[in-house]
Amino acid sequence: MADNEKNKPSAQLSTQPSAWNNPDFRPDLAYPKLTEEMIERLRAYGSEETFPANAPLFTHGERQVDMFVVLDGDIDISLQPANGVAKVIAHHHKYDFSGELNLLNSQGSLVEARTVSPSRLLRIPRHELQRLMRSEGEIANLITSATIWRRIGLLGEATGGVVLTGHAGDAEMTQLQRFFIRNNYPHRILEVPSDEAAPADPAVSDDALSDPESTLPAVVLADGRILQRPTITQLADELGITELPDPELIYDVTVVGAGPSGLAAAVYAASEGLCTIVVEGTAPGGQAGTSSKIENYLGFPTGISGQRLASRAQLQALKFGVRFAISREVITAEQIDGIHKLTLAGGIPVCSRAVVVASGAQYRKLSVENYAQFENRGIYYAATAMESLLCRDNEVIVVGGGNSAGQAAIFLSGIAKHVHHIVRGKSLAATMSQYLISRIESSARITLHTQSEIVKLEGESSLECVTWINRRTGESTTRPIGSVFVMIGAEPNSGWLFGTVKLDKKGFILTGGSDGFENTPYATSVPGMFAVGDVRSASVKRVASAVGEGSVVISDVHRYLADHRNQFAAEPNSALAALRLASAAATAQTQEIGK
Ligand SMILES: Cc1cc2nc3c(=O)[nH]c(=O)nc-3n(C[C@H](O)[C@H](O)[C@H](O)COP(=O)(O)OP(=O)(O)OC[C@H]3O[C@@H](n4cnc5c(N)ncnc54)[C@H](O)[C@@H]3O)c2cc1C
């Protein structure tokens, strides 16, 4: 018997969806049945309702949908119709429940739910669901696990989600694809050859797409609307991947950055009852999210991809009610009457009693002519499955002597024809872990070029040819190579804090005890603002230490909030009013300057 047959759960399928043919899909975990005892506990969070046959419960694109538990009757769950035919992907019976990842966030529903026969259902409204997730551990874990597996199922469906259409290797197309992957958003790629005007797929053929130069890449939404060359922010807002901050609320803590340290801080803060928002400039995962495999993080003996680790952590945070404003960078920070006011891209304010800065670091760039022209068109800073597709069976270059470069070289050597690993130093010994050095040395598909540097990049629309020089011998090598993975250390993401907190010479945030900072290792020079992870001066640049710091800092936040309880209790509305006045004044000033 096939594994999927063995695991067949309660929710039956009226068709054979493609996700079920995926050997990694676990239908038993995606569609668990609630017990009678669980149903009795769930009654405290919802109310019973009866529906006739064929009644819609929620539809595609709808946000903040309620959860429905079947008491009697049955529900069909179907994908957006393709060519006029809706595909049923699950059929819920007694004690099954509806919903997937969008139960925990504000994304629009990717599926439609409809009763099949007259049905008696327990409706659990969204605000009650959040209470349930915090109070009912066992049921919360069952729901959380089901939502992950249902999303994995949806990711495997050929017709779920959105369609991304454009030219392969195009920089904007690559960025959009990376955004979908890193946010686990179901999508399908429709590549248009560079010399072809319109996509061949009837689902996306539209006059608006007939001029590829001006309209591609484009995203075809589930409701048929087309976004031409959307920005990441526009997409995040449109699909509900961003949850904007509540303007009427002062959060207990705002976490800036959703790398390992920020995600850890968010999980600990929310699980300990703090009202928490995470603001993330691109996508959850940070630098770790760009790693194909992290092998030294405790508890994962065979390694885990950074993307997977981040997805799990984000889910854990969502379970505890964290709000995520994804793809919104924090631009400025100030403190007014003890309350922190952060301004996000687009002028959106977030008010918060405490701030945890977890904005990490980003890769340095090579100083070579034409470099910027080839970023995302042959120059990459991550080596994940997505980038590897762009260089299959071709020669590639990895630059850098650290562990991340070593990991990338090993990962790519299994996909590319050959990896040229270029480092400036005489050897890898001082900069890379021995286990990685051994693997590089024993690989016939990796050539290490020490004391070497890239000096020339050439190509028309994308990178085609690279020249490097051995500084010791003076020998120059030119190869027809279209993919260079640059991993040469990182610079702190602290530009938005210049003039606000004290930084060290390299721009990392100074913390802990010196210069009268509060006596904790994570306090910055601004009261109530803490810094953790790679952005912190003298931190150890590792996933485990970032996670550790993010977890530990929350006890400092608790202490700070308790010490300032009286200040915060005094008229929170007046603080909000003061902040709004300050915002309005700032806006007026900006308009004045713009005249
Ligand atoms: C390819 C690669 C492989 C690695 N492999 C390993 C490994 O195997 N083992 C290991 O221990 N370590 C590894 N590391 C190091 C590890 O990933 C980092 O130490 C860790 O990610 C640091 O976490 P962080 O949360 O402090 O910062 P980051 O991971 O840098 O996350 C910071 C986040 O903040 C966001 N951000 C920045 N500025 C703003 C702003 N103004 N507003 C909003 N958001 C903002 C960024 O978009 C980012 O998502 C690797 C790093 C890389 C790049």
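Values below: every heavy atom of this structure, side chains too, minus hydrogens, waters and symmetry copies. Both counts, for ligands and for their atoms, begin at 1 and track the order of listing.
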Go through ligand 1 atom by atom and flag the ones less than 4.0 Å from a non-hydrogen atom of [X].
X	answer
E329	42 (N), 43 (C)
W496	41 (N)
Y363	1 (C), 2 (C), 52 (C), 53 (C)
A361	30 (O)
G533	26 (O)
V279	43 (C), 44 (N)
A358	32 (C), 33 (C), 34 (O)
N493	37 (C), 38 (N)

Please name the residue in the list Q64, R63, R151 that meets the side-chain hydrogen bond (donor to acceptor under 3.5 Å, both in side chains) test with Q107. R151
Starting from [atom], find the nearest protein heavy-atom neighbour and note its residue, name and distance.
atom	answer
atom 29 (O) of ligand 1	Q287 N, 2.8 Å
atom 38 (N) of ligand 1	S359 CB, 3.4 Å
atom 27 (O) of ligand 1	G360 CA, 3.3 Å
atom 47 (O) of ligand 1	E280 OE2, 2.6 Å
atom 11 (O) of ligand 1	V543 N, 2.9 Å
atom 34 (O) of ligand 1	G257 CA, 3.2 Å
atom 9 (N) of ligand 1	N296 OD1, 2.8 Å
atom 50 (C) of ligand 1	S404 CB, 4.5 Å

May I ask you to decide whether [X] forms a salt bridge with [Y], counting only side-chain N to carboxylate O separations under 4.0 Å?
X	Y	answer
R536	D504	no
R471	E453	yes
R229	E172	yes

Test: K365 cationic atom under 6.0 Å from F374 six-membered ring centre, within 45° of axis: no
Protein non-hydrogen atom found under 4.0 Å from atom 14 (N) of ligand 1: no
Ligand 1 N/O within reach of [X] N/O, cut-off under 3.5 Å:
X	result
M487	no
T282	yes
S261	yes

Select the closest option to [atom] among [options], judged by heavy-atom distance.
atom	options	value
atom 42 (N) of ligand 1	V330, I326, V278, I304	V330
atom 5 (N) of ligand 1	Q407, R542, E549	Q407
atom 44 (N) of ligand 1	P260, G262, G281	G281
atom 22 (C) of ligand 1	N403, V532, D534	D534

Side chains of I454 and V484, heavy atoms from C-beta outward: is any pair under 4.5 Å? yes
Donor + acceptor pair across side chains of N403, S433 (<3.5 Å): yes
